[in-house]
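Computed from heavy atoms alone, side chains included, the values below leave out hydrogens, waters and symmetry copies.
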Amino acid sequence: MTAASGSNDPQVPIVCPECETTSRVPLAEVADLIERHNEQLHDGGDVAAVDPDIADRIADLAAADLGLLEESE
């Protein structure tokens, strides 16, 4: 995977366990770069992805923001 340099976008870690690679890519390009990598190198399989720890943290933040983690009284 390649990462664009000089971008002001936040960088997101992408991992591909099959290729044994990790890279950081601009947030705005994450979906396209992952899709292109998987299409070109893994016959479209969902192999490369956002680092699972980061994806989990983003999901937790979104759930908290939506009030899904609040306990009912």
Side-chain angles (χ1 to χ4, degrees):
M1 257 181 262
T2 60
S5 58
S7 175
N8 290 332
D9 284 347
Q11 299 288 303
V12 178
I14 305 299
V15 296
C16 181
E18 194 168 301
C19 292
E20 297 181 356
T21 59
T22 301
S23 63
R24 297 178 75 80
V25 300
L27 179 60
E29 299 176 29
V30 168
D32 291 336
L33 290 173
I34 289 174
E35 181 179 1
R36 184 170 62 225
H37 175 90
N38 286 332
E39 284 293 327
Q40 291 176 350
L41 299 172
H42 307 297
D43 296 324
D46 291 333
V47 180
V50 172
D51 181 307
D53 291 335
I54 299 299
D56 288 346
R57 181 67 179 134
I58 291 169
D60 290 345
L61 291 171
D65 190 49
L66 294 171
L68 300 175
L69 299 179
E70 295 176 6
E71 294 183 28
S72 59
E73 296 180 26

**Student:** Within a strict 4.5 Å, meaning less than it, do heavy atoms of the Val50 and Val30 side chains meet?
**Tutor:** yes

**Student:** Distance from Gln11 atom CD to Glu29 atom CD, nearest 0.5 Å?
**Tutor:** 8.5 Å

**Student:** Distance from His37 atom NE2 to Thr21 atom OG1, nearest 0.5 Å?
**Tutor:** 5.0 Å

**Student:** To the closest 0.5 Å, what do you measure between CG (Leu61) and CG (Asp65)?
**Tutor:** 8.5 Å

**Student:** Would you say Val47 and Cys19 make side-chain contact, with heavy atoms under 4.5 Å?
**Tutor:** no

**Student:** If every non-hydrogen atom of Gly44 is compared with every non-hydrogen atom of Glu39, which pair is closest and at what distance?
**Tutor:** CA-OE2, 3.5 Å

**Student:** Identify the two heavy atoms, one from Pro13 and one from Ile54, that lie closest to each other, and give their separation to 0.1 Å.
**Tutor:** CG-CG1, 3.5 Å

**Student:** Are Leu27 and Ile34 grouped together when hydrophobic residues (ILVMFWY) are joined by side-chain heavy atoms under 4.5 angstrom apart?
**Tutor:** yes

**Student:** Quick check: does any side chain N or O of Asn38 sit under 3.5 Å from a backbone N or O of Asp46, one acting as donor and the other as acceptor?
**Tutor:** no

